[in-house]
Amino acid sequence: MAPVTEDQVELVRALVAAIPAGRVATYGDVADAAGLSSPRIVGWIMRTDSADLPWHRVILASGRPAAHLQTAQLERLRAEGVLADDGRVRLSEARHRF
């Protein structure tokens with residue numbers, strides 16, 4: 001993976017912060033909006049610098065949360081009115097468009 005610039009980190013952070021309550025975006029959606037080459041870059045940024053962000057609103061392209069965050073992520077989303085069916089959020093209903 002190419003080095004990530006501070007500007008890219010800040011752009012990803014701003015995009016994640018802009019996802020409204022009750023909506024979700026995929027790592028790929030954020031990557032596309034930020035002009036990044038891979039959703040993995042967004043994942044790396046989220047792992048290292050997202051404690052103060054609505055991190056729970058970023059999910060996998062399958063509509064599922066990351067396995068290690070599943071319980072907490074689905075609880076937070078449920079509290080915002082985003083329901084999961086068998087652990088999967090319906091992107092057709094809840095997806096935020098940047």
Side-chain angles (χ1 to χ4, degrees):
M1 184 171 66
V4 178
T5 69
E6 190 62 34
D7 286 346
Q8 290 170 323
V9 170
E10 290 308 312
L11 180 54
V12 166
R13 288 178 48 77
L15 288 165
V16 172
I19 302 168
R23 307 296 283 173
V24 297
T26 68
Y27 290 94
D29 293 339
V30 177
D32 288 346
L36 298 173
S37 60
S38 171
R40 292 177 187 267
I41 299 169
V42 174
W44 180 84
I45 292 169
M46 295 292 292
R47 272 193 308 280
T48 59
D49 192 16
S50 69
D52 60 333
L53 297 173
W55 57 267
H56 60 283
R57 297 180 189 147
V58 182
I59 61 175
L60 300 172
S62 66
R64 295 188 181 280
H68 67 288
L69 299 171
Q70 183 169 351
T71 301
Q73 196 162 13
L74 290 176
E75 284 176 5
R76 286 178 181 227
L77 289 172
R78 191 176 313 113
E80 294 182 357
V82 177
L83 302 179
D85 184 21
D86 194 28
R88 180 176 295 185
V89 172
R90 289 191 188 152
L91 290 172
S92 61
E93 297 172 10
R95 190 178 226 157
H96 173 67
R97 301 284 180 197
F98 290 103

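Numbers here are sequence positions counted from 1. Predicted, not measured: the structure shown is a model, and the values here were computed from it.
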Colleague: Would you list the atom pairs, donor with acceptor, under 3.5 Å between side chains in residues 87-94 and any protein atom, with sequence neighbours excluded?
Modeller:
unit_1	atom_1	unit_2	atom_2	d
Arg88	NE	Ser62	O	3.1
Arg90	NH1	Glu93	OE2	3.4

Colleague: Which pair of heavy atoms, one from Ala25 and one from Ile19, lies closest together, and at what distance?
Modeller: CB-CD1, 3.7 Å

Colleague: Determine, using the 4.5 Å side-chain heavy-atom cutoff (strictly less than), whether Trp44 and Ile59 are members of one ILVMFWY cluster.
Modeller: no

Colleague: Show every side-chain hydrogen bond (donor to acceptor under 3.5 Å, both in side chains) that has at least one partner inside residues 21-34, sequence neighbours left out.
Modeller: Thr26-Asp29, Asp29-Arg95

Colleague: Do the side chains of Val58 and Ile41 join up, straight or via other hydrophobic residues, at under 4.5 Å, putting them in one cluster?
Modeller: yes

Colleague: For residues 72-95, pull every pair meeting ring pair (Phe, Tyr, Trp, His ring centres under 6.0 Å), keeping only residues two or more places apart or in separate chains.
Modeller: none

Colleague: Can you list everything that forms a side-chain hydrogen bond (donor to acceptor under 3.5 Å, both in side chains) with Glu80? Sequence neighbours excluded, please.
Modeller: His56, Arg57

Colleague: For Asp52, enumerate each residue passing the side-chain hydrogen bond (donor to acceptor under 3.5 Å, both in side chains) test, keeping only those at least two apart in sequence or located in another chain.
Modeller: Arg13

Colleague: With a 4.5 Å cut-off on side-chain heavy-atom distances among I, L, V, M, F, W and Y, is there a chain of contacts connecting Leu69 to Val42?
Modeller: yes

Colleague: Could you measure the distance from the CZ atom of Arg47 to the NE2 atom of His68? Nearest 0.5 Å is fine.
Modeller: 7.5 Å

Colleague: Hey, does Leu74 have a side-chain heavy atom less than 4.5 Å from the side chain of Pro65?
Modeller: yes

Colleague: Indicate the atoms forming the closest heavy-atom contact of Val16 with Pro54, along with that distance.
Modeller: O-CG, 3.4 Å

Colleague: Tell me, which pairs form a salt bridge (charged side-chain N to carboxylate O under 4.0 Å, His left out) where one or both residues lie in residues 58-76, sequence neighbours left out?
Modeller: none

Colleague: If I take atom CD1 from residue Ile45 and atom CD from residue Glu10, how far apart are they, to the nearest 0.5 angstrom?
Modeller: 9.5 Å

Colleague: If you look only at pairs with a residue in residues 79-98, which of them pass as a ring pair (Phe, Tyr, Trp, His ring centres under 6.0 Å), with sequence neighbours excluded?
Modeller: His96-Phe98

Colleague: Specify the closest pair of heavy atoms between Ala31 and Ser38, including all atoms of both residues, with the distance to one decimal.
Modeller: CB-O, 3.7 Å

Colleague: Are Leu53 and Leu77 linked, directly or through intermediate hydrophobic residues, by side-chain heavy-atom contacts shorter than 4.5 Å (ILVMFWY only)?
Modeller: no

Colleague: Could you check Val9, Val12, Thr48 and say which one makes a side chain to side chain contact (heavy atoms under 4.5 Å, CB included) with Val4?
Modeller: Val9

Colleague: Name all residues meeting the side-chain hydrogen bond (donor to acceptor under 3.5 Å, both in side chains) criterion together with Thr5; count only those two or more places apart in sequence or in a different chain, and write none if there are none.
Modeller: Gln8

